[in-house]
Colleague: 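Provided herewith is a single structure, encoded as structure tokens, for subsequent inquiry.
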Amino acid sequence: MGMSGSGCSIVWFRRDLRVEDNPALAAGVRSGAVVALFIWAPEEEGHYYPGRVSRWWVKQSLAHLDSSLRSLGTSLVTKRSTDSVSCLLQVIKSTGATQLFFNHLYDPISLVRDHRAKEVLTAEGVAVRSFNADLLYEPWEVHDEEGRPFTTFTGFWEKCLSMPYDPEAPLLPPKRIIPGDVSRCPADTLVFEDESEKGSNALLARAWSPGWSNADKALTTFLNGPLIEYSKNRRKADSATTSFLSPHLHFGEISVRKVFHLVRIKQVLWANEGNVAGEESVNLFLKSIGLREYSRYMSFNHPYSHERPLLGHLKYFPWVVDEGYFKAWRQGRTGYPLVDAGMRELWATGWLHDRIRVVVSSFFVKVLQLPWRWGMKYFWDTLLDADLESDALGWQYISGTLPDGREFDRIDNPQFEGYKFDPNGEYVRRWLPELARLPTEWIHHPWNAPESVLQAAGIELGSNYPLPIVEIVAAKARLQEALSQMWQHEAASRAAIENGMEEGLGDSSESTPIAFPSETHMEMDNEPIRNNPTNNIIRHYEDQMVPSMTSSFLRVEDEETSIELRNSVDNSRAEVPSNINVTEEPRREVHGHAIMQADRTNDAFPHTNFSRARRNSEDSTAESSSSSRRERDGGVVPVWSPSSSSYSDQFPGEDNGIGTSSSYLQRHPQSHQLLNWRRLSQTG
DNA sequence: GGCCACTTCTC
DNA sequence: AGAAGTGGC
């Protein structure tokens, strides 16, 4: 076996580490002998090299998958590489495989890489097929009546729930797998953690059991227990009532379609019983599944949204560069109990309730005004379910940069949120033992507590628990000031551009990037934070990739562009990705669609061209030049066409032809810089 | 049944 | 902050 005549197939596992409802695996099994392959090429992720806890999870999950595959008759071949595509080629050569199957991913890096894989391998005579294993509906299946992608979650999700056809029913695991010949394809031993990480990782194993069958158990537990109370409990900071499925879902250990189907069954059951609370719980839980879907949807339709501000203004936001603040936030020593409890939980468990994620990250951006990339990076390193699409959506949401998100100039008060999400202070007491004896009345604002109360609780503010690192009132003023500075800088930059400086000040003034603070070994540094309020604030202007500007600062040009885009949808609808005028096009978008082609009949990519509208050279500087802003006037919803302002200067003078130089790998051969976000976002 | 004040929630 | 929902009159 394994001779090219018989032609075994490669099933390339990525974030679909399961044997159940895995369409790529099923296709492989159907077509004969299978080589199950996992390639560890973290450098391809560039800036988003997987964090410590993610790597821990992958390691466990792969071991689990391997043992499942062994019980079915084969095993998992693991490969270490810095270039997945060449690794695939090599495996194909050494196994004589003639087919490659894999499941879709929607993050921008994967879209590009997978497209390239398809091209390269097809050229080598390999039959490549890819499948949907991650979503209820593929992103291009969900659109409004005019074929345009939705720009708000609500619209998107309503459509998903009222689609004329149901999501595919989950597939059963294969009964048996015929192994391909891997005798000339030795596996590499993968290293997922270094010595310094082992200690911290050991803690994780106490709370979490990665692996697809454990994911299945977690689902069952949730369906039979917390789900029915989900709506009642959802406002609590306590995570005990959540499903705990997100890391499992991130690594594809469980199929979202299976989750959906089983939850739906419960819904019907409870509906028949007239259990209103149960029904509502289901709706709310499904909504959080929907958000995950939406994050992929956004990533697919607007692949740059993670990398850079979609509208350029935020790159002029004067971020406060203060490692002391950053450290205080990480250590949970900001002086705001709810924030601090969250940060301690995150560190201890790799987990945080969704609500609390919003609290700590919006505190980070709006109160501390730290460069948000620091925060995202920290999340990336510490969250077990770190997920590029979901995290990008989350940070955009809290930054108020989504059409339906919050506004940037609104600061939520952690004190009030504390009483909302943790009315009895239990959550704070669990994670902040130093406050354990403080009465509930003061638990979320100890700085107001009478001295006698503090004394009785054994608290000395500024000593064993900090005073607020920044007062909320001061933060509000500072935020206003920062925003007005942002507008001034933006205007200055625009003026410079109008005076003929090609790319304006923006990029050059960014040439001193805000480096990420040297490694953050939080467990090492336990010395108390000194809170030195106000003075010595250092601000930096830098594109911190806060995705886009809030609707309050909608630019006039955007409306125009969106109209233009709308028209172009019809004009170019018939196009198939390979036809487009690539020179000016958003490459990844193209890939994003092209990549899916193998599994689609060629009918419609309904909104494929939405963000593909060609733009003129004026548009190519739109990001910096289009600055006339106006205040929020109520009804105007920005059309989510950010691509318009950033694509063409993204790849200036790019040569054409999808086939030749279409990939980042080719253009950025140093793979660790493959998606160095800053580079990409700079011109030239 | 309609109107207004009050509450709740916003991905 | 503003919309949508709730409940009183």
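Excluded from the calculations below are hydrogen atoms, water molecules and symmetry mates; all remaining heavy atoms, backbone and side chain alike, are included.
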Colleague: Separation of A/Phe416 atom CZ from B/dT8 atom P, in whole Å?
Modeller: 16 Å
Colleague: Round to a whole Å and report the spacing from CZ of A/Arg296 to P of B/dC11.
Modeller: 19 Å
Colleague: Determine whether the aromatic ring centres of residues A/Phe244 and A/Trp351 are separated by less than 6.0 angstrom.
Modeller: yes
Colleague: Taking CZ from A/Arg355 and P from B/dC11, how many angstroms apart are they, rounded to a whole number?
Modeller: 11 Å
Colleague: OP1 or OP2 of C/dG2 sitting under 4.0 Å from any side-chain N/O of A/Arg410?
Modeller: no
Colleague: Mind calculating the distance between CG (A/Asp354) and C1' (B/dT10) to the nearest angstrom?
Modeller: 13 Å
Colleague: Taking the six-membered ring for Trp, does A/Phe153 stack with B/dC11 (centroid gap under 5.5 Å, planes within less than 30°)?
Modeller: no
Colleague: For A/Asn283 and B/dT10, give me the distance from atom CG to atom P, rounded to whole Å.
Modeller: 13 Å
Colleague: Are any of A/Thr154's side-chain N or O atoms less than 4.0 Å away from OP1 or OP2 of B/dC11?
Modeller: yes
Colleague: In this structure, is the centre-to-centre distance between the rings of A/Tyr316 and A/Trp487 below 6.0 Å?
Modeller: no
Colleague: Take atom NE2 of A/His353 and atom C1' of B/dC11, then tell me their distance rounded to the nearest Å.
Modeller: 14 Å
Colleague: Do A/Glu138 and A/His104 have a side chain donor and acceptor closer than 3.5 Å?
Modeller: yes
Colleague: What pairs meet the side-chain hydrogen bond (donor to acceptor under 3.5 Å, both in side chains) rule with one or both residues in residues 268-282 of chain A, with sequence neighbours excluded?
Modeller: none
Colleague: Measure CD/A/Glu417 against C1'/B/dT10 and give the value in whole Å, please.
Modeller: 12 Å
Colleague: Roughly, in whole Å, what's the span from NZ in A/Lys366 to C1' in C/dA1?
Modeller: 12 Å
